[in-house]
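Being a predicted model, the structure only gives us computed values, none of them experimental. Values below: every heavy atom of this structure, side chains too, minus hydrogens, waters and symmetry copies.
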Amino acid sequence: MELFKLTSGILIFLITFYFIITEKHPKSIVTIIGGALMVILQIITEEQALETIGYNLEILFLLIGMMVIVEIMSETGVFQWVAIKIAQLVRGNPVKILVFISIITAVFSAVLDNVTTILLVVPVTIFLAKRLEVDPKPFILLQIFASNIGGTATMIGDPPNLIIASLSGLDFNDFIINLTPLIIINMAVLLTSSVFFLKNKLEVSNELKAGIMELSLDRTITNKKLLIQSITVFSLVILGFLTNSFTGIGLAIIAITGASVLVFLSKKKPEEVFAKIEWETLFFFGGLFVLVDGIENLGVISKLSEYLIVFTEGNIKFTSSLILILSTILSPIVGSIPHTLSFGKILLQIAPSFQGDTQVLWWALSLGACLGGNMTIVGAAANIIGASVAKKGGIEISFLEFFKWGTIVVIQSTVLSMIYLYFRY
């Protein structure tokens with residue numbers, strides 16, 4: 001009976017991951033079915049499955065709160081205004097537009113989330129590139145890379161970091177203190193190398209630059225009152241995140257309260273706002289939590305943890321480097337979220353075996369999972385969304401084209417991460 005459960009559990013896990021990777025069916029449905037089968041075959045009890053989801057409710061409610069705030073804020077046109085304003089401040093210079101919009105994308109991704117940022121920034125980027133009559137592809141690719149890099153800087157910027165926070169107990173400020181310095185360096189290297197390779201392809205006439213200066217900003221902001229309300233609430237929510245370790249108020253409560261206040265102030269119908277929430281993402285998370293808990297219940301994660309400790313001989317520097325490399329390779333293949341959740345469970349098992357500060361293991365996982373996602377077009381949700389928005393704008397980005405540039409970016413990021421982890425910890 002135990003052998004049947006073990007075989008069935010591993011088979012369910014592998015088949016579910018196959019469907020997640022190939023995207024032949026909606027990821028949310030696939031993970032829910034996988035999690036349900038774990039319960040039906042008694043690999044995990046219904047009570048354990050519900051407890052697992054309950055334990056991770058903070059992640060789910062935090063995501064809901066931020067989705068609502070960003071959705072209402074995006075209706076004001078503020079993101080488009082920022083992009084066009086930057087283009088005009090640099091007087092239509094395409095190289096400078098590329099650099100500054102990438103920086104803004106990274107910053108937005110850190111304080112919002114990278115998927116939402118890509119949805120808002122890429123259409124404007126395509127518009128500006130077409131006005132300047134330059135190839136939009138380098139702009140789009142750089143926005144995607146910048147969003148994944150920028151999202152790594154904070155706890156709320158990229159879903160893998162939310163999972164790591166839930167598993168490890170690390171707070172909002174821990175992520176900023178430990179990851180943001182490297183992300184700033186990473187962005188500087190990315191932009192420097194991008195300008196070096198692309199500057200000759202981004203030369204335009206003065207007439208085309210003048211066309212950018214003629215764009216009207218007056219019509220971009222559609223609702224000034226709502227903009228003020230949105231920025232005020234959003235600023236207070238971020239302040240709440242930053243002071244969370246002192247106040248003891250949970251991040252989910254802060255986000256949900258902020259979202260509710262903004263819905264109340266904007267006088268929007270709740271059902272109208274709730275319809276814009278990415279429910280598929282939330283159900284995907286829920287099913288995934290149960291699926292991974294089932295594998296943990298079978299003892300698979302314990303065994304993998306033992307092998308990892310034996311292989312690295314308990315050397316924390318070697319272990320952190322191995323986690324970084326494995327995460328960088330596996331994340332773009334299986335997806336950053338499933339990889340982080342599975343590997344995070346392994347880290348919980350092995351962390352007590354090491355002496356001293358084991359935070360470096362979590363930072364290695366975060367950097368590998370988040371930055372490794374830049375390698376393939378299916379490596380992160382932001383990549384898929386960015387390519388989809390580009391296609392709607394008539395720009396096709398192939399898997400191989402993305403892989404070619406993504407591999408270069410990931411190699412840069414991995415080398416910088418290894419150096420950073422080695423010398424800082």
Side-chain angles (χ1 to χ4, degrees), residues 55-56 58-59 62 110-111 148-187 241-248 250-252 292 296 301-302 304-331 336-337 339-373 413-425:
Y55 178 77
N56 291 286
E58 182 167 33
I59 292 179
L62 174 60
V111 296
N148 285 325
I149 292 171
T152 313
T154 66
M155 196 188 97
I156 60 171
D158 211 351
N161 282 354
L162 285 171
I163 293 169
I164 288 169
S166 174
L167 293 172
S168 65
L170 296 164
D171 64 29
F172 190 83
N173 291 336
D174 288 327
F175 282 84
I176 293 174
I177 294 165
N178 289 278
L179 296 181
T180 301
L182 172 62
I183 296 311
I184 292 170
I185 296 167
N186 211 324
M187 277 301 298
F241 290 165
L242 292 170
T243 57
N244 155 261
S245 55
F246 305 110
T247 62
L251 301 184
V292 174
E296 185 180 21
I301 286 173
S302 298
L304 290 173
S305 305
E306 288 171 17
Y307 293 145
L308 186 62
I309 292 170
V310 170
F311 182 73
T312 60
E313 297 180 342
N315 185 311
I316 197 163
K317 282 189 181 292
F318 180 34
T319 307
S320 61
S321 298
L322 185 64
I323 289 168
L324 173 67
I325 293 167
L326 285 175
S327 298
T328 301
I329 295 168
L330 294 174
S331 176
S336 58
I337 296 170
H339 168 76
T340 305
L341 187 55
S342 307
F343 220 93
K345 294 282 188 175
I346 293 174
L347 289 196
L348 281 177
Q349 296 273 350
I350 69 170
S353 303
F354 294 95
Q355 293 181 338
D357 189 1
T358 57
Q359 276 193 19
V360 64
L361 302 177
W362 294 106
W363 304 136
L365 176 59
S366 171
L367 292 169
C370 296
L371 301 178
S413 298
T414 305
V415 171
L416 288 170
S417 298
M418 288 191 76
I419 295 169
Y420 179 79
L421 292 175
Y422 183 83
F423 284 105
R424 177 155 185 181
Y425 301 101

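Ring pair Tyr425/Tyr420 is perpendicular by interplanar angle, where above 60° counts as perpendicular and below 30° as parallel.
Qualifying side chain to side chain contact (heavy atoms under 4.5 Å, CB included) partners for Ile184, counting only residues two or more places apart in sequence or in other chains: Thr180. The side chain to side chain contact (heavy atoms under 4.5 Å, CB included) test applied to Ser166 returns Tyr55, Asn56, Ile59, not counting sequence neighbours. Partners of Ala110 under the side chain to side chain contact (heavy atoms under 4.5 Å, CB included) rule, at least two apart in sequence or in another chain, are Ala153, Thr154.
Distance check: Ile316 CD1 to Phe354 CZ gives 6.0 Å after rounding to the nearest 0.5 Å. We find the CG-CH2 distance between Asn161 and Trp362 to be 11.5 Å, quoted to the nearest 0.5 Å. With values rounded to the nearest 0.5 angstrom, Asn186 atom CG is found 11.0 Å from Asn148 atom CG. To the nearest 0.5 Å, the span separating CG on Leu330 from CD1 on Ile325 amounts to 11.5 Å. Rounding to the nearest 0.5 Å places CG of Leu167 at 6.5 Å from CG of Leu341. Rounded to the nearest 0.5 angstrom, Ile419 CD1 and Leu182 CG are separated by 10.0 Å.
Nearest heavy-atom pair across Leu365 and Phe343 is CD1-CB, 3.9 Å. Nearest approach of Leu170 to Phe175, heavy atoms of both residues: CB-CE1, 3.9 Å. When all heavy atoms of Ser327 and Ala369 are compared, the pair lying nearest together is CB-N, 3.8 Å. Nearest heavy atoms, Ser366 versus Leu179: OG-CD1, 3.5 Å. Summarising the geometry of Ser320 relative to Val360, their closest heavy-atom pair is CB-CG2, 3.9 Å, with the distance given to 0.1 Å. For Thr328 against Thr414, the heavy-atom pair with the smallest separation is CG2-OG1, 3.4 Å.
Put simply, the side chain of Phe241 reaches to within 4.5 Å of the side chain of Leu62, judged on heavy atoms. With a 4.5 Å cut-off on side-chain heavy atoms, Ile176 and Leu242 count as touching.
In the displayed structure, Tyr422 atom OH is contacted under 6.0 Å by at most 12 heavy atoms of other residues, nucleotides or ligands.
Side-chain atoms of Thr152 and Asp158 include no donor-acceptor pair closer than 3.5 Å.
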> For Leu416 and Leu371, what are the C-alpha separation, side-chain angles and deciding distance, and is it a side-chain contact (heavy atoms from CB on, under 4.5 Å)?
Replying inline: CA-CA 11 Å; Leu416 288 170; Leu371 301 178; over 6 Å; no
